Number of protein chains: 2
Amino acid sequence: MDDRTANNCLTPPTRDPDLRPVEGKEADEELATLAKAIGHSARVQILRLLAHRTACVCGDIVDELPLAQSTVSQHLKVLKEAGLIRGEVDGPRVCYCIEPRGLRRLKVLVAGL
Amino acid sequence: MDDRTANNCLTPPTRDPDLRPVEGKEADEELATLAKAIGHSARVQILRLLAHRTACVCGDIVDELPLAQSTVSQHLKVLKEAGLIRGEVDGPRVCYCIEPRGLRRLKVLVAGL
DNA sequence: GCTGGCTATCGTAGTTCGGCGATGGACGAT
DNA sequence: ATCGTCCATCGCCGAACTACGATAGCCAGC
């Protein structure tokens, strides 16, 4: 009961995003989940921050946003659970970066509307 | 204080969506608002229903979804307030259809990520 | 006029979200 | 071993979301 720590080594049990359909009930829920993840301006900002710096920025995100560290961490968790970003432990800090698959999937689904 | 009834004759006080920037604080909030609107599978379904039938369907939406009429009406309101659909009164019924500007705007903003 | 079907809104209840401070674990440096 | 830093999580609160039934408004037809 302690598999709570995010282990990004084991890939999620879902299929390859690129191979999933762009319509139907499953796709609707997938799009809704992804959209909800970017349904907050702070999370959009985070996504843009990570996209603009080719390098993965870390807790500098906290400095860029007018939010408490715990709040930013929550937003990062939401984005990570949605599959839009990835977090890798780098010594004492954690390095976040865009998850290209998830972002691509979001674009495909939105474009398919 | 009774301008609560949605009057779709007066265009919203916002600028033409196509002319707004795709980045920056305003764009972030705009994208977040649009994304939140499609951040629910029922609303995604509604959007697809309206997109697939070239003609504007009406309360048939209620029959397509496993939700109460009042709930569907709420979702339609959310989509309308986000500028993604339009509702026109057609006699005793109301005809909903896609708002191409809003949908286009959403696609542009997402593609700009 | 009245009636009946179609929508929107209201009121309510349960759930989820968003924000924060406080706490705790992990790691490097001393 | 101890300390300081970085980050995630917990607990809490108010606000917002989601769903529903009930109610009210609107419009054609009789």
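No experiment lies behind these values; they were computed from the predicted model shown. Residue numbers begin at 1 in each chain, while the letters A, B, ... track the order of the sequences.
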A.B. asks: Just so I know, are the side chains of B:Tyr96 and B:Leu76 near enough to count as touching, which here means a heavy-atom distance under 4.5 Å?
C.D. replies: yes
A.B. asks: Over how many whole Å does the gap from A:Arg93 atom CZ to D:dT5 atom C1' extend?
C.D. replies: 8 Å
A.B. asks: Rounded to whole Å, how long is the line connecting atom CD of A:Glu88 with atom C1' of D:dC7?
C.D. replies: 16 Å
A.B. asks: Which letters describe nucleotides 17-30 of chain D, given B = protein heavy atom under 4.0 Å from base, S = only from sugar-phosphate, - = neither?
C.D. replies: -SSBBB----SS--
A.B. asks: In whole angstroms, how far is the P atom of C:dC6 from the CG atom of B:Leu76?
C.D. replies: 16 Å
A.B. asks: Mind calculating the distance between NZ (B:Lys77) and C1' (C:dT7) to the nearest angstrom?
C.D. replies: 13 Å
A.B. asks: Using a 3.5 Å cut-off and no angle test, enumerate the donor-acceptor pairs between side-chain atoms of residues 34-51 of chain A and protein atoms at least two apart in sequence or in another chain.
C.D. replies:
residue	atom	partner	partner atom	Å
A:His40	ND1	A:Ala42	N	3.1
A:Arg43	NE	A:Ala37	O	2.5
A:Arg43	NH1	A:His75	ND1	3.0
A:Arg43	NH2	A:Lys36	O	3.4
A:Arg48	NE	B:Asp28	OD1	2.6
A:Arg48	NH1	B:Val22	O	3.4
A:Arg48	NH2	B:Val22	O	3.2
A:Arg48	NH2	B:Asp28	OD1	3.1

A.B. asks: With A:Glu99 as reference, evaluate A:Arg104, A:Arg86, A:Arg105, A:Lys80 under the side chain to side chain donor-acceptor pair (under 3.5 Å) test and give the passing residue.
C.D. replies: A:Arg86
A.B. asks: Ignoring hydrogens and angles, tell me if any N or O in the side chain of A:Thr71 forms a donor-acceptor pair with the backbone of A:Leu67 under 3.5 Å.
C.D. replies: no
A.B. asks: For DNA chain D, list all stems, counting runs of three or more consecutive pairs where every pair is Watson-Crick or G-U wobble with both distances under 3.5 Å.
C.D. replies: C:1-30 with D:1-30
A.B. asks: Can you see which heavy atom on B:Cys95 is nearest to which on B:Asp90, and at what distance?
C.D. replies: CB-CB, 4.5 Å
A.B. asks: About how many Å separate CG of A:Asp63 and CD of A:Gln69, when rounded to the nearest 0.5 Å?
C.D. replies: 10.5 Å
A.B. asks: Quick one: B:Leu79 CG to C:dT7 P, roughly how many Å, whole number?
C.D. replies: 16 Å
A.B. asks: Between C:dA8 and B:Tyr96, is there an OP1 or OP2 to side-chain N/O distance shorter than 4.0 Å?
C.D. replies: yes
A.B. asks: Looking only at heavy atoms, what is the nearest atom pair of A:Leu103 and B:Leu113, with distance?
C.D. replies: CD2-O, 4.0 Å
A.B. asks: Are A:Leu106 and A:Leu109 close enough that some pair of their side-chain heavy atoms sits under 4.5 Å apart?
C.D. replies: no
